[in-house]
Amino acid sequence: MALHPPALCFSGVSSSNPRCSWSTGRFSVSSVFLPCTAKSSGLFLQPWVSFPRCRLQAKALPTDSGSPEADESSLVVCFGEMLIDFVPTTSGLALAEAPAFKKAPGGAPANVAVGIARLGGSSALIGKVGEDEFGYMLADILKENNVNNEGMRFDPGARTALAFVTLRKDGEREFMFYRNPSADMLLQESELDFNLIRKAKIFHYGSISLITEPCKSAHYAAAKVAKDAGVLLSYDPNLRLPLWPSPESAREGILSIWETADIIKISEEEISFLTNGEDPYDDTVVRKLYHPNLKLLLVTEGPDGCRYYTKEFSGRVKGLKVDPIDTTGAGDAFVAGILSRLAADGSLLQDEDRLRVALRFANACGALTVTERGAIPALPTTEAVLNALLKTVA
């Protein structure tokens with residue numbers, strides 16, 4: 001019997017696509033299943049009609065080679081989750097009090113891949129989405145943004161992940177995830193495109209893909225192939241504690257691959273977490289996280305910019321001052337900014353002056369992203385970044 005993926009209907013967004021034949025969706029948060037239907041006034045629950053859980057063969061996405069103008073010798077391959085962020089249209093309210101949400105594509109590795117492509121670089125994403133309406137939408141977004149999607153897969157037995165995001169009055173976020181399991185968690189080693197990984201100049205990933213099997217083993221295998229091929233490994237832990245079984249397992253999981261990375265980007269909060277509460281502004285604390293084979297350690301400080309550490313030098317680069325609306329994706333935009341520069345010219349790692357210029361560019365990428373709602377919709381172009389930097393000089 002052929003199975004067709006159920007669809008989630010949200011605030012009047014219906015599943016008219018013939019690929020979907022059921023009107024209910026099955027999503028979970030904290031192991032609670034939330035089927036839903038669309039009505040004009042918002043999101044409503046309705047009884048779930050059960051069906052047998054099946055193990056089905058994942059399908060490859062329709063492929064697109066990416067931007068024809070991008071230089072594939074500077075390819076950045078990103079590994080991990082791509083999902084849907086639901087961002088409230090009104091800041092400063094609890095999720096239950098939000099009158100409406102804006103649907104926005106997201107997921108840290110996907111944000112970085114799109115961010116690089118939007119800056120004119122060459123990028124690819126390896127991961128898995130559900131064979132559902134949101135999965136098809138995300139595949140289209142990759143194609144529209146010139147991201148190589150040859151390494152993406154559809155899973156017909158699991159849904160595309162969702163994240164509802166609470167925006168505080170200062171633009172900072174809190175997350176509620178719907179994934180138990182979501183398609184990204186089910187990527188298998190046998191589904192990896194190793195040839196694509198070997199073509200990369202930089203292989204970028206986070207820690208969410210380390211939480212559960214089989215994606216954890218797929219992550220290890222992908223990183224090993226990249227390392228063996230001489231590809232630079234870039235790591236942004238992107239701590240999301242609610243997704244881990246415990247803080248201890250999160251700390252252990254994040255640090256389990258720490259010493260294989262060539263480039264690491266962390267936030268002040270992540271430093272405190274990984275060092276059990278030590279001062280993230282103390283350079284001696286930060287240096288504890290600098291392993292012998294690391295080429296560059298970056299610490300993001302939100303609107304204040306970033307700090308950088310190499311074996312030879314360290315310093316701070318100021319950020320751009322903007323009025324924040326939504327900080328979702330700011331760190332990913334920063335990563336896209338610096339990786340796009342390093343992929344084009346790896347010698348920046350040995351030249352502090354030029355590295356500082358690249359980090360100023362990356363800071364501007366992050367700053368511009370917080371001026372709009374959602375991650376991928378807000379990622380800037382090179383022209384927008386350069387214009388913003390010119391305004392600070394004028």
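All residue numbers in this chain count up from 1 along the given sequence.
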So for atom [atom1], which belongs to [X], do other residues, nucleotides or ligands contribute more than 12 heavy atoms lying within a distance under 6.0 Å?
X	atom1	result
Gln350	CD	yes
Lys311	NZ	yes
Asn276	CG	yes
Lys216	NZ	no

Using a 4.5 Å cut-off on heavy atoms from C-beta on, say whether the side chain of [Y] contacts that of [X].
X	Y	value
Ile126	Leu196	yes
Glu268	Ile271	no
Met152	Val129	yes
Glu270	Leu239	yes
Val165	Leu95	no
Leu187	Phe79	yes
Leu289	Leu294	no
Glu301	Arg316	yes

Between the main-chain N or O of [Y] and the side-chain N or O of [X], is there a donor-acceptor pair closer than 3.5 Å?
X	Y	answer
Tyr235	Ile254	yes
Ser74	Ala343	no
Ser182	Arg179	no
Asp262	Leu233	yes
Lys265	Thr300	no
Tyr220	Ile257	no
Asn145	Val147	no
Ser217	Pro214	no
Asp132	Gly135	yes

Rounded at 0.5 Å granularity, tell me how far [atom1] in [X] sits from [atom2] in [Y].
X	Y	atom1	atom2	answer
Cys215	Leu210	SG	CG	8.0 Å
Cys365	Leu389	SG	CG	8.5 Å
Glu133	Ile84	CD	CD1	11.0 Å
Lys102	Thr90	NZ	OG1	13.0 Å
Glu150	Asn195	CD	CG	10.0 Å
Trp244	Thr212	CH2	OG1	9.0 Å

Mutual orientation of the aromatic rings belonging to Phe101 and Phe86 [parallel < 30°, tilted 30-60°, perpendicular > 60°]: perpendicular
When hydrophobic residues are tied together by side-chain contacts of less than 4.5 Å, even through go-betweens, does [X] share a cluster with [Y]?
X	Y	result
Met176	Leu83	no
Tyr281	Phe273	no
Leu241	Leu243	yes

Which heavy atom of [X] sits nearest to which heavy atom of [Y], and what is that distance?
X	Y	answer
Cys306	Asn363	SG-OD1, 3.7 Å
Pro245	Ile211	CD-CG2, 4.4 Å
Gly151	Asp193	CA-CB, 4.3 Å
Pro105	Leu138	CB-CD2, 3.5 Å
Asn111	Gly106	OD1-CA, 3.4 Å
Trp258	Pro237	CZ3-CG, 3.8 Å

Between Phe164 and Phe177, ring centroids under 6.0 Å: no
Aromatic ring proximity, centroids under 6.0 angstrom, Tyr136 and Phe134: no
Qualifying residues under side-chain contact (heavy atoms from CB on, under 4.5 Å), relative to [X], sequence neighbours excluded:
X	result
Asp283	Arg307, Tyr309
Glu97	Leu93, Ala94
Ser246	Glu248, Ser249
Glu144	Asp140, Ile141

Those residues that, when tested against [X], pass side chain to side chain donor-acceptor pair (under 3.5 Å) (two or more places apart):
X	value
Ser209	His219
Ser234	His204
Asn238	Arg240
Ser347	Asp345, Arg354

Distance-only side-chain donor-acceptor flag, Thr392 / Arg360, under 3.5 Å: yes
Salt bridge present between [X] and [Y] (N-O < 4.0 angstrom):
X	Y	result
Asp304	Lys318	no
Asp155	Lys128	yes
Asp326	Arg373	no
Glu278	Lys288	yes

Under 4.5 Å side-chain heavy-atom separation, chaining through any Ile, Leu, Val, Met, Phe, Trp or Tyr, what else clusters with [X]? Say none if it is isolated.
X	answer
Val357	none
Leu348	Val76, Val112, Ile116, Ile202, Leu232, Ile263, Leu296, Leu298, Tyr308, Phe313, Val317, Phe334, Val335, Ile338, Leu339, Leu342, Leu349, Leu355, Leu359
Val370	Val322

Stacked cation flag Arg159 on Tyr178, 6.0 angstrom / 45 deg: no
Please report, to 0.1 Å, the donor-acceptor pairs under 3.5 Å made by any side chain of residues 376-387, with sequence neighbours excluded.
residue, atom, partner, partner atom, Å
Thr381, OG1, Ala384, N, 3.2
Thr382, OG1, Leu119, O, 2.7
Asn387, ND2, Glu383, O, 3.3

